[in-house]
Amino acid sequence: LANLSVPLVGVVDTAVMGRLPGAAQIGAVALGATVFSFLFWGFGFLRMGTTGLVAQTLGRRDTAGLRGLCLNLGAAALLIGLILVVLRQPIVALAQWVFPAGDTVREALGVYTGVRLWSAPAVLGNYVLVGVFVGLQRTGLALLSQLVLNLSNAGLSLLFVLVLDMGIAGVAWASVIAESLALGVGLGALSLALAGLPGRWPWAALRDRAAYVRLFRVNGDLFVRTLCLIAAFAWFNARGAAQGEWILAANAVLLQLVHVLAYGLDGFAHAAETLVGHARGAGRRNDYLDAIRIATVWALGTAVGYCLVYLFAGESLVAALTIDERVRTLAAQYLPWLWLTPLVAVWSYLLDGIFVGTLRSTDMRDAMIVSLIAFLIVTWLGMELFANHGLWAALTAFFAFRALTLLAAMRLRPLAWPVRADVSSGSSSGVR
């Protein structure tokens, strides 16, 4: 539930802009979301890497190391966020240059990007907090912070755009304020979560250069992997924009439904991360296998649920996101791809969780690089033959490539376990 609330920021922004006439506003929000995927989720290792590190540290019962890790990650998030704020103007200019959109879309994109960049420190800080909460298996706190973020964003977006008539700048300012509110709530929740653990905050860790070097060495592979993932979606949006603002707007509406799907399935990946990581840190192989089995069952069942929802209610969901009939009609033509996507995508997200929990970031990096190359090839061939249908076919294939490459890595390099007693089940853990 915490993860499923994350894409609501983009869904609300799209729905609010969809109340305005024309396709330019929706298209600008879609391109803006791509820009911030690069800028913000490019540092997604602050969330992904945090969960595995926290889970394994908790499994070892190293509370001092846990607090030091939180301080180092928080300082890194703040520094990166401030750098992005300082570079606002060059980033806006680069975003407008990269995407081949019309003048109206480019102008709106510049406004949206320039405002949203003020939220960078809060966004990255929230990444760290959610990663810590999931790693601690305190997902209720992650849900709380995400609900604060999304409910405040929804309310402020409606107020700023539909009441105060602030246009696309309104949805951007709503996101900035909402991210800041969520950060404040998250910091308070973190203090409460760690209050019951022994030890004190090791403030000297903030000056430990070796700790930062270790942190970025572990997360460097995840950084490259995430940039490849974002590049795939950026290429998808760029190729959509090249077909005109109406195709761009239709794809943007459907991509919001893909994001809802992705984050919902990724919730089970997060659960697998913390359970697998905790089992790995404690050396309990049977717990590791149980976590994989249970996460697979729940994730697959959820994927089937998504298929049914998009099959029977897909057009209604599209209609809720935009009032423009031309955008609705175009989106309906490509909606069948969303019926298939959940069953293909579920495996890549589940495997991501297993690999993050066991800190196999190098394998994740290599698998994503191969998947991106395959995606670009299929995109070129697909669009030559089937235009925008080919683009959606390539995106579906991209999910399949991600799963197949991770499965290959799992078989080529099985996870080794020390020979020791399995405390949780009384059996012995062998070497796998």
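Excluded from the calculations below are hydrogen atoms, water molecules and symmetry mates; all remaining heavy atoms, backbone and side chain alike, are included.
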Mind checking ring pair (Phe, Tyr, Trp, His ring centres under 6.0 Å) for Phe355 and listing every partner two or more places apart, or none if nothing turns up?
-> none
Determine whether Val54 and Leu69 make a side-chain contact, defined as any pair of heavy atoms from C-beta on separated by less than 4.5 Å.
-> yes
Taking the side chain as every heavy atom from C-beta outward, state whether Leu343 and Cys307 have any atom pair closer than 4.5 Å.
-> yes
Kindly indicate whether the side chain of Leu300, heavy atoms from C-beta on, has any atom under 4.5 Å from the side chain of Trp347.
-> yes
Evaluate the side-chain proximity of Val132 to Arg138: yes if any heavy-atom separation is below 4.5 Å, no if none is.
-> no
Looking at Trp118, is Arg116 sitting on its ring face, NZ or CZ under 6.0 Å from the six-membered ring centre and within 45 degrees of the normal?
-> no
Close side-chain approach of Leu183 and Val123, heavy atoms under 4.5 Å | no
Any side-chain heavy-atom pair from Thr341 and Tyr306 closer than 4.5 angstrom?
-> no
Do Ile294 and Leu275 have side chains that get closer than 4.5 Å, going by heavy atoms?
-> no
Can Ser119 and Ser175 be said to form a side chain to side chain donor-acceptor pair (under 3.5 Å), step by step?
-> CA-CA 8 Å; Ser119 69; Ser175 298; over 6 Å; no
Does Phe399 have any ring pair (Phe, Tyr, Trp, His ring centres under 6.0 Å) partners at least two apart in sequence or in another chain, and if so, which?
-> none
Indicate yes or no: does Asp352 engage Arg402 in a salt bridge with an N to O separation below 4.0 Å.
-> yes
Applying ring pair (Phe, Tyr, Trp, His ring centres under 6.0 Å), name anything that partners Phe398, two or more places apart in sequence or on another chain.
-> Phe375
